[in-house]
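This report refers to the structure that appears directly beneath it.
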Amino acid sequence: MMFFALSKQAGQIAVTNADVQEKFPGLVQEITSNLGAFLPELILAVGVMWVIMADLFTRRERSRRMGFHAFAFVAVALVSVICHGFSGDQELFRGMIVDDGFGAFFKVLLLVGTLICIPMVMMTRSFDGRRMGEFYGLLLGSVLGMFLMVTAKNMIMFFLGIEFASYTSYLLTGYLKGDRRGAEGALKYVIYGSVASGAMAYGLSLLYGLTGSLDMADVAQGLIVSRTTDVTVLIAGLLCFAGFGYKIAAFPMHFWSPDVYEGAPIPFTAFLSVISKAAGFAVLLRFAEGMVGTGNWELTLSNGDVVGVDWPLVVGVISALTMTVGNFAALFQRNLKRLLAYSSIAHAGYLLMGIAALAPGAENAIPGWQAILFYLVAYLFMNLGAFLVVSIIAEKTGRETLDAYRGLGSRSALLSVALGIFLISLIGLPPTGGFTGKVQLIKAVVDDGQIWLALVAVVNTVVSVYYYARIIRLMFLEESDDTSKVPLSAPVSAFVVLMIVPVLWLGVFFGSTVDFIRDLTLTLG
Amino acid sequence: MGGNTFMDIGLGHYLAVSAILFALGLIVVMTRRNAIGILMGLELLLNAAGINFVAFNRFSAPERMDGQIFVIFIVILAAAEAATALALVLNIYHQIHTANVDEAHLLKQ
Amino acid sequence: MLLTLVTFIPLIAALVVLCIPKEQKDIIKWTSMGAAVVTFIISCQLIMGYRSGGTDSVAEKFDGQIQSVIDDNVADTALKASFQKGVQAIEADNVDDAVGADRGPVHYAEVAGIDLKSLDAAQSKAWHETWELSMAKGAAASEHIRFVEFGHWIDGFNIRYFMGGDGLSLPLIWLTALLSVLCLAYSWNITKATKAYFALFLILETGLMGVFLALDFFLFYVFWEIVLLPMYFLIGFWGGPRRIYASIKFFIYTLVGSVLMLICMLALYFHNGFDTFNILTLMEAAPGFSQTMQMWMFFGLFIAFAIKVPIFPFHTWLPDAHVQAPTAASVILAGVLLKMGGYGIFRFNLGLCPDAMTGAIQLPMWLGGNFIMFMAILGVINIVYGALCAMAQKDFKSMVAYSSISHMGYVLLGLAAMTDAGVQGAVLQMFNHGLSSAMMFLIVGVIYERAHHRNLNKFGGIGAQMPYYTGLATIGFFASLGLPGLNGFISEALVFMGAWNSHTASPAVGVFGLPTWIVFLALPGIVLTAAYILWAVQRVFMGPLKSETYKTFKDLSFREVFVLAPLGLLCIVFGVWPQLILGFMNDTLNTLVSSVIAVAGN
């Protein structure tokens with residue numbers, strides 16, 4: 001009988017060449033015409049192969065030059081994304097991915113972040129004497145995977161994107177083969193990550209079962225029509241969230257991140273904490289926005305019953321727990337990399353507030369997703385900036401612990417002031433991008449009526465002051481026995497200054513960025 | 001589809017099997033200390049999802065092949081995952097001469 | 001223009017100072033001093049201008065701005081006419097004290113017959129701004145605001161660069177400018193990281209000026225936070241042995257308050273579709289806020305400001321911060337930073353929560369029953385508890401710090417009285433305390449520089465050794481004590497008069513009146529103040545020299561006289577001629593009170 005069923009289905013599968021022509025006329029032309037919008041991805045794909053191949057023809061001691069090649073490819077991809085513009089509004093490849101302003105925005109964010117990370121990799125001496133072609137190949141591959149994540153519309157595509165980005169990340173974490181911490185971090189990362197993606201696959205299968213489609217818009221639409229109990233939807237949603245949550249390191253999927261962040265090479269930790277997280281938020285947003293767009297976020301019937309799961313509350317609780325766990329754990333850290341890992345968990349919590357407030361009440365208010373996008377821009381610069389200073393200090397002193405920062409104020413004014421600004425921005429004090437970003441997030445939740453979440457966020461902000469200010473205190477208020485100056489080359493100084501400028505700019509003149517984000521197109525199908 | 005017991009196997013049965021498989025996978029992942037064992041548990045998780053996809057495709061949305069295609073990708077991803085993970089396990093095995101994850105405790109909890 | 005200058009000259013000077021090589025200490029000091037003096041001169045000009053200027057020019061400015069907004073964005077004459085109609089409707093309600101009415105932009109659009117849905121983006125923005133400015137114009141007139149500056153900052157969120165000076169803010173501006181000059185002069189012999197010190201001090205001055213001048217809530221918040229960091233570093237880097245603990249405590253306490261303020265600010269922004277941070281607009285609309293809303297606003301804002309004042313039980317950061325801070329930072333801290341809290345309570349709690357200030361909002365009995373009693377009780381606790389603590393201190397500086405807590409209690413008591421005398425006394429007390437506490441901290445600083453300790457019990461006989469110092473110190477101490485003829489007396493007397501009169505005057509106009517027993521509870525504060533101050537004077541200046549080393553003490557240097565003498569002089573001037581400053585505040589304060597009374601009348 002089973003066999004009968006299968007054979008019956010096999011009849012459906014059997015597709016002849018003629019069928020292709022008949023069912024999909026002009027398929028080839030369609031694919032080629034879509035390639036134009038796919039150019040950045042193609043550039044990256046060529047870049048991946050190029051750096052690996054070119055590295056084979058380079059002598060080992062010159063292998064670090066591959067950084068320039070990778071940088072060039074990323075820069076060209078960035079130019080092509082910008083030239084393509086932010087007003088696209090179409091589906092590509094039969095609804096597999098979309099070309100819209102939202103996706104383009106995230107592509108720019110990912111590429112700018114990568115452009116900042118690559119010089120950090122080149123500055124890191126622990127990579128000296130290693131073949132770097134593979135590293136950059138994997139790095140570009142990871143970005144390519146994230147591109148697919150942020151533009152995916154079909155769940156197959158977006159699962160593939162997540163896995164692509166993840167596998168490359170696992171390998172990059174353990175890239176320093178002799179380094180035991182890196183090896184441990186990578187092992188933990190791969191185990192946690194695989195469990196999360198397994199759970200997500202299961203959640204996706206449930207969603208598929210509930211709605212009968214893998215297209216995100218259809219899923220969102222289908223969830224309204226389906227008459228399933230809330231519990232099933234909740235379980236499916238939470239299992240999917242396990243996958244997203246692990247990417248953005250949200251509670252309770254955050255356990256991997258401190259170990260991985262501490263074990264990975266610093267530039268890659270920076271990459272993970274900002275770029276990978278941004279990509280995770282992009283998918284989460286697109287997924288959630290799809291549900292809001294079709295009204296499933298919180299569908300209230302005329303008799304006042306709320307249909308479906310109260311997602312704002314669920315996400316709000318996760319957000320509150322994430323920031324609280326991150327901040328309180330960060331209080332007790334001595335290793336700055338680990339401290340920043342916990343702080344980035346806390347920031348994922350702040351960002352999740354925007355998802356809890358996706359559909360605000362008032363007319364002129366900022367929807368949560370715009371607040372998230374703005375905060376991600378600010379977060380990109382402030383967190384990468386902080387990691388940049390940490391990486392420079394680690395290179396100069398060989399230490400990542402807080403002790404290395406004692407008396408830094410008198411040893412290097414630029415580095416200490418820069419780190420001070422980044423930390424103030426991470427706390428969320430004016431006049432920095434962190435402040436304006438956080439205000440927008442809090443604004444979104446206040447507008448949505450979730451005052452309790454806003455209160456949790458501000459209490460967390462106060463808690464976070466304690467550990468951020470401890471670093472500031474160590475740098476400026478305490479003196480160290482070692483008073484030797486930290487030498488900085490001119491390009492490195494310029495690099496640091498370049499990171500400060502956007503942080504302050506976003507704190508004072510954030511209007512243009514807000515307007516830009518407001519005008520982005522978001523295609524949900 | 002008729003009355004014999006064989007014919008009665010429906011969506012529910014498949015879902016039950018996959019749920020059991022998923023649960024077993026989770027138990028393996030949580031209880032095993034050996035990295036290879038954990039990886040085997042992961043395969044169970046992915047396969048549970050695969051069964052779901054096929055079953056849903058067959059019973060809920062037979063008009064399109066989405067679910068089946070997803071399963072093919074899951075199989076490929078599982079292979080890639082195993083390759084990646086085993087490489088990393090090998091890497092740590094070279095250093096601490098065990099694949100027991102409890103031994104990997106250099107990083108603070 | 002003057003307001004912008006007075007705010008940003010110090011900041012620009014700070015940036016200049018940062019560019020000067022750190023070996024050039026003299027250039028750094030003189031640049032900073034120059035900037036502070038220029039700022040002070042401009043602040044004097046503001047004061048002069050305020051007395052002679054009228055409110056008409058401000059109204060004209062508003063009218064011009066409204067007209068240009070309409071002209072720039074609305075071409076259609078019919079629509080223009082409806083906009084004008086809306087403006088007239090708003091202005092009519094402004095004069096009318098339309099209490100309890102819906103004063104949102106949507107309401108007035110209906111009144112004027114504007115269909116908001118048919119407007120394009122620029123037009124609906126223009127309507128919003130027209131509404132915002134017309135409302136603000138009403139409040140500006142009644143607040144007697146005589147200087148305004150208005151510009152767009154972040155259009156997307158209707159955040160403005162909106163500054164204004166009135167009788168409440170300008171005296172504090174002048175005080176800030178004056179104390180900054182004196183503090184920089186006093187800090188002349190700072191050798192540790194001179195450049196950073198002077199730069200931070202100037203940034204601090206900008207923040208303080210901005211806090212007092214900003215009339216946009218968002219702008220206010222930004223300046224409020226800007227004040228935080230320089231002070232943190234000043235205490236943390238140049239402070240005493242426990243400076244790190246004290247500075248982080250200061251930082252965290254203040255931040256708790258400011259994040260509460262942030263939430264209140266956003267709640268106000270979203271209230272009734274206002275979408276504005278304009279403080280004047282919100283004040284004009286405040287009588288329409290629901291009582292529940294006002295209650296929560298009052299709590300949120302009050303705690304935020306109470307931490308800064310500081311009001312019991314949020315005061316514990318203050319003794320630590322003061323004792324550890326370097327003298328000049330203590331002076332600014334006591335002289336101006338505490339006034340940020342007081343100013344905030346007057347500007348926001350009074351302006352935005354009128355129902356709370358009439359006592360109409362019921363509170364649980366253990367909180368006093370209503371907000372007036374709530375504040376009065378906290379004020380009395382501050383006065384008495386602060387004085388008792390001051391008496392118990394052995395450390396000279398921490399005695400002065402606790403005396404600040406005690407003195408700031410009068411501000412709260414005066415406000416709670418809700419009579420003209422009480423409110424004037426409260427604001428005058430802020431100003432006077434700025435002078436006298438600054439002087440007391442300088443006095444402590446002078447002796448600490450010589451003796452390197454501050455233990456009151458170890459001093460003695462300084463009077464004979466340093467006669468000029470003793471003379472000036474006595475003025476400061478007695479001003480703080482409230483001796484007639486010195487400034488402290490006037491403000492405390494006004495506060496007591498107001499509070500005493502409250503139970504007859506206030507209920508007559510529908511405001512809750514303070515019972516007389518509250519005044520009796522506060523009276524011991526005066527006795528205790530006299531006790532700890534006289535006892536301190538006795539221990540420090542009288543009696544035989546307690547240590548041989550005191551014989552080597554030189555009397556005041558020229559620089560120290562330059563710092564102390566003006567303050568002493570001002571204490572006397574404002575003591576015998578308080579009208580000089582009172583006449584200045586009267587208009588603004590009386591309307592603040594009468595606007596609350598107007599609410600009660602309805």
Side-chain angles (χ1 to χ4, degrees), chain A residues 360-366 370 374 409-410 413 417 420-421 424 427-432 435-436 438-440 442-449 451 454-455 457-466 468-470 472-474 476-479 507-518, chain C residues 18 22 105-106 116-117 124-125 128 152-159 193 195-196 207 218-219 221-226 228-229 232-233 235-239 243-245 247-248 251-275 296 300:
Chain A
E363 234 172 80
N364 288 326
I366 20 161
Q370 292 179 359
F374 184 91
S410 55
V417 168
I421 290 174
I424 286 166
I427 297 175
L429 292 180
T432 59
F435 166 68
T436 50
K438 200 178 264 179
V439 167
Q440 289 182 48
I442 293 179
K443 211 166 165 180
V445 287
V446 168
D447 187 29
D448 201 38
I451 306 274
L455 282 171
V458 298
V459 169
N460 265 287
T461 303
V462 175
V463 173
S464 75
V465 168
Y466 192 77
Y468 289 126
R470 192 170 66 186
I472 297 178
R473 188 189 81 194
L474 276 172
F476 294 107
L477 307 187
E478 293 188 8
E479 277 148 33
V508 183
F509 304 105
F510 57 103
S512 52
T513 315
V514 170
D515 292 341
F516 178 78
I517 290 172
R518 183 168 293 173
Chain C
L18 284 176
K22 63 171 170 252
V106 182
L116 283 177
K117 289 198 178 68
S124 63
K125 266 252 177 284
H128 187 271
H152 291 216
W153 183 16
I154 309 294
D155 256 346
F157 298 123
N158 301 320
I159 298 170
K195 176 169 146 179
F218 192 88
L219 191 65
Y221 187 83
V222 169
F223 281 122
W224 180 278
E225 296 285 36
I226 285 178
L228 192 53
L229 279 168
Y232 168 72
F233 283 115
I235 299 174
F237 194 72
W238 288 272
R243 58 177 196 259
I244 288 170
Y245 168 77
S247 60
I248 195 74
F251 195 110
I252 289 184
Y253 265 72
T254 317
L255 199 70
V256 170
S258 54
V259 294
L260 270 177
M261 184 161 65
L262 180 71
I263 298 227
C264 290
M265 172 173 112
L266 293 176
L268 282 169
Y269 180 83
F270 287 117
H271 180 73
N272 199 11
F274 281 1
D275 286 357
W296 289 113

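Computation of the quantities below employed the complete heavy-atom set of this structure, encompassing side-chain atoms and omitting hydrogens, waters and symmetry-equivalent molecules. Lettering follows sequence order; numbering is per chain, from 1.
- If you tally non-hydrogen atom pairs under 4.5 Å between each of Val256(C), Leu262(C), Ile244(C) and chain A, the highest count goes to Ile244(C).
- Interatomic distance, Tyr466(A) OH to Phe251(C) CZ, rounded to the nearest 0.5 Å: 13.0 Å.
- Per-residue counts of heavy-atom pairs under 4.5 Å with chain C were compared for Val458(A), Leu477(A), Thr461(A); the largest is that of Leu477(A).
- Between the Trp153(C) side chain and the Gly511(A) main chain, no donor and acceptor come within less than 3.5 Å of each other.
- Under the 4.5 Å side-chain criterion, counting only non-hydrogen atoms from C-beta, Ile263(C) is in contact with Leu455(A).
- Put simply, the side chain of Val462(A) reaches to within 4.5 Å of the side chain of Ile252(C), judged on heavy atoms.
- In this structure, no portion of Ser258(C) lies under 4.5 Å from any heavy atom of chain A.
- Only the side chain of Ile248(C) comes within contact range of chain A, with heavy atoms under 4.5 Å apart.
- With Leu266(C) as reference, Val446(A) is the one residue of Val446(A), Asp447(A), Ile451(A) to meet the side chain to side chain contact (heavy atoms under 4.5 Å, CB included) rule.
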Check: Given Val439(A) and Phe218(C), is the side-chain contact (heavy atoms from CB on, under 4.5 Å) satisfied, shown in steps?
Finding: CA-CA 10 Å; Val439(A) 167; Phe218(C) 192 88; 4.0 Å; yes
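- In this structure, the ring of Phe476(A) has its center no less than 6.0 angstrom from the ring center of Phe237(C).
- Of all the listed residues (Ile154(C), Leu260(C), Leu255(C)), the one sharing the greatest number of non-hydrogen pairs under 4.5 Å with chain A is Ile154(C).
- The minimum heavy-atom distance between Tyr232(C) and Ala469(A), with the atom names listed, is OH-O, 3.5 Å.
- Using a 4.5 Å heavy-atom threshold, the side chains of Ile159(C) and Phe510(A) count as touching.
- Using a 4.5 Å cut-off between heavy atoms, Leu429(A) contacts chain C through its side chain alone, with no backbone atom that close.
- Neither the backbone nor the side chain of Val463(A) has a heavy atom closer than 4.5 Å to any heavy atom of chain C.
- Of the inter-residue distances, the one linking Arg473(A) atom CZ with Arg243(C) atom CZ reads 10.5 Å to the nearest 0.5 angstrom.
- Here CZ of Phe157(C) is found 8.5 Å from OG1 of Thr436(A). Values are rounded to the nearest 0.5 Å.
- Tyr269(C) approaches Lys443(A) most closely through the heavy-atom pair CE2-CE, 3.4 Å.
- Of all heavy-atom pairs between Ile424(A) and Leu229(C), the closest is CD1-CD1, 3.4 Å.
- When the candidates Gly428(A), Pro430(A), Gly507(A), Ser410(A) are compared by the number of heavy-atom contacts under 4.5 Å with chain C, Pro430(A) comes out ahead.
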